[in-house]
Amino acid sequence: MVKEIERAGIPVVHICTVTPISMTVGANRIVPAVAIPHPLGNPALDRNEEKALRRHIVEKALKALSTDVKGQTVFD
């Protein structure tokens with residue numbers, strides 16, 4: 001699905017906890033997530049720290065969307 005959306009000219013970011021799976025499915029822009037049970041957060045953090053963590057991941061994904069890539073790229 002990712003490749004078809006990209007082929008239509010729409011950039012896609014795959015946020016995932018296991019980046020090799022994203023590589024296998026052909027995602028071009030890959031942003032690592034936190035952990036399998038909580039990919040976009042960490043319940044052990046206090047509210048402000050978790051909000052900052054989530055913001056960081058979303059900002060990284062937005063940067064990946066605006067980056068022209070020639071192949072699979074992991075945005076660490």
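The figures that follow rest on heavy atoms only: side chains count, while hydrogens, waters and symmetry mates do not.
A distance of 11.5 Å separates CZ of R7 from CD1 of I5, quoted to the nearest 0.5 Å.
Linking ILVMFWY side-chain heavy atoms closer than 4.5 Å, directly or via other members, places I21 and I36 in a single hydrophobic cluster. L40 and L45 end up in the same hydrophobic cluster when Ile, Leu, Val, Met, Phe, Trp and Tyr side chains are linked at under 4.5 Å. Residues F75 and V58 are members of one and the same hydrophobic cluster, defined by side-chain heavy-atom contacts under 4.5 angstrom among Ile, Leu, Val, Met, Phe, Trp and Tyr. Hydrophobic clustering, with ILVMFWY side chains joined whenever heavy atoms are under 4.5 angstrom apart, groups V69 together with L62.
The shortest side-chain heavy-atom distance between T17 and P32 does not fall under the 4.5 Å cut-off. With contacts defined as side-chain heavy-atom distances shorter than 4.5 Å, the pair P39/I15 does not qualify. L53 is listed as a side-chain neighbour of N42, based on a closest heavy-atom distance under 4.5 Å.
With sequence neighbours excluded, no residue forms a salt bridge (Lys or Arg N to Asp or Glu O under 4.0 Å) with R47. Remark: D68 pairs with K70 by the salt bridge (Lys or Arg N to Asp or Glu O under 4.0 Å) rule, at least two apart or across chains.
Here the closest non-hydrogen pair linking A61 and V13 is O-CG2, 3.4 Å. Contact detail for I30 and C16: the closest heavy-atom pair is CG2-SG, 3.9 Å.
Salt bridge status for R54 with E50: present, with a side-chain N to carboxylate O gap under 4.0 Å.
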Could you walk me through whether V74 and V31 pass the side-chain contact (heavy atoms from CB on, under 4.5 Å) test, one step at a time?
-> CA-CA 6 Å; V74 177; V31 172; over 6 Å; no

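Under a 3.5 Å cut-off, the side chain of Q72 and the backbone N or O of R29 do not form any donor-acceptor pair. At distances below 3.5 Å, at least one donor-acceptor pair connects side-chain atoms of T73 with backbone N or O atoms of G71. Judged by distance alone, with hydrogens and angles left aside, the side-chain atoms of E6 form a donor-acceptor pair with the main-chain N or O of V12 at under 3.5 Å.
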